[in-house]
Amino acid sequence: MTMYTQLLDAAVGQREPVALRPTRRSALDALRRSRGELDEDMPPPTDPDAVPVVLAREIAYDVALLELAEVMGIETGPSRFEQPRQERARLEQELRKRGITTTQPL
């Protein structure tokens, strides 16, 4: 297990218990919000907070991606994020096949 999958697993485990299972709409809204934050201004590489900021945004996005995938019945889990970019791309492609885009429609 990579350090990233350990961090992602911990983040998933720290989510508050939800009384009601998330709906497709609420999971999609959370994903799009996280995607927007992921794409926000990045700190310059010389900023000592650059790595933690980017890492926190990626983990937040991946948690939202895992939640939507679960709602949509797409098999995944934190352990499949050994190569985060590859698993993100796979899940985003699976969502596109179902007519769902990860970015906010204009």
Side-chain angles (χ1 to χ4, degrees):
M1 186 180 269
T2 65
M3 184 186 323
Y4 187 82
T5 58
Q6 290 173 339
L7 290 170
L8 183 57
D9 190 45
V12 168
Q14 289 183 353
R15 290 185 306 176
E16 292 183 26
V18 180
L20 298 174
R21 193 178 157 142
T23 64
R24 177 180 164 171
R25 169 57 51 204
S26 67
L28 182 56
D29 288 346
L31 179 73
R32 286 181 174 160
R33 233 182 349 269
S34 293
R35 180 59 183 227
E37 291 169 5
L38 186 65
D39 294 337
E40 282 181 359
D41 295 330
M42 296 302 235
T46 56
D47 184 335
D49 293 329
V51 171
V53 166
V54 171
L55 183 60
R57 289 177 183 177
E58 287 183 357
I59 288 174
Y61 178 71
D62 291 340
V63 168
L65 193 56
L66 285 165
E67 187 173 89
L68 182 59
E70 181 182 337
V71 169
M72 299 299 298
I74 301 169
E75 190 173 322
T76 191
S79 64
R80 294 189 70 164
F81 279 79
E82 292 283 329
Q83 299 291 322
R85 288 184 179 152
Q86 290 176 354
E87 183 62 3
R88 269 182 223 125
R90 184 187 75 81
L91 292 174
E92 290 168 348
Q93 180 179 6
E94 286 297 321
L95 291 168
R96 278 191 302 276
K97 286 179 185 176
R98 291 167 167 83
I100 296 172
T101 59
T102 59
T103 56
Q104 199 63 265
L106 299 177

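Note that these values count all heavy atoms, side chains included, but never hydrogens, waters or copies made by symmetry. Position 1 is the first residue of the sequence, and the numbers go up from there.
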> Val53, Leu8: one ILVMFWY side-chain cluster at the under-4.5 Å cut-off?
Replying inline: no
> Leu55, Leu38: one ILVMFWY side-chain cluster at the under-4.5 Å cut-off?
Replying inline: yes
> Taking atom CZ of Arg85 as the centre, does the number of heavy atoms from other residues, nucleotides or ligands within less than 6.0 Å exceed 12?
Replying inline: no
> Around Glu40, counting heavy atoms of other residues, nucleotides and ligands shown, do more than 12 lie under 6.0 Å from its CD?
Replying inline: yes
Shortest non-hydrogen contact between [X] and [Y], atoms and distance:
| X | Y | value |
| --- | --- | --- |
| Arg80 | Glu87 | O-CB, 3.4 Å |
| Pro44 | Ala50 | O-CB, 3.6 Å |
| Thr5 | Pro78 | CG2-O, 3.3 Å |

>> Please list all pairs meeting side chain to side chain donor-acceptor pair (under 3.5 Å) that have one or both residues in residues 43-57, counting only residues at least two apart or in different chains.
In response: none
How long is the straight-line distance from [atom2] of [Y] back to [atom1] of [X], given to the nearest 0.5 Å?
| X | Y | atom1 | atom2 | answer |
| --- | --- | --- | --- | --- |
| Leu95 | Leu31 | CG | CG | 7.0 Å |
| Arg90 | Gln83 | CZ | CD | 13.5 Å |
| Leu91 | Gln86 | CG | CD | 12.0 Å |
| Ile100 | Glu94 | CD1 | CD | 11.0 Å |
| Phe81 | Asp9 | CZ | CG | 11.5 Å |

Using atom types as modelled, flag every donor-acceptor pair under 3.5 Å from a side chain in residues 59-66 to any protein atom, sequence neighbours excluded.
unit_1	atom_1	unit_2	atom_2	d
Tyr61	OH	Arg35	NH1	3.4
Tyr61	OH	Glu92	OE2	2.5
Asp62	OD1	Arg88	NE	2.6
Asp62	OD2	Tyr4	OH	2.3
Asp62	OD2	Arg88	NE	3.2
Asp62	OD2	Arg88	NH2	2.9

> Asp29 pairs by side-chain hydrogen bond (donor to acceptor under 3.5 Å, both in side chains) with which of Arg33, Arg32, Arg25?
Replying inline: Arg25
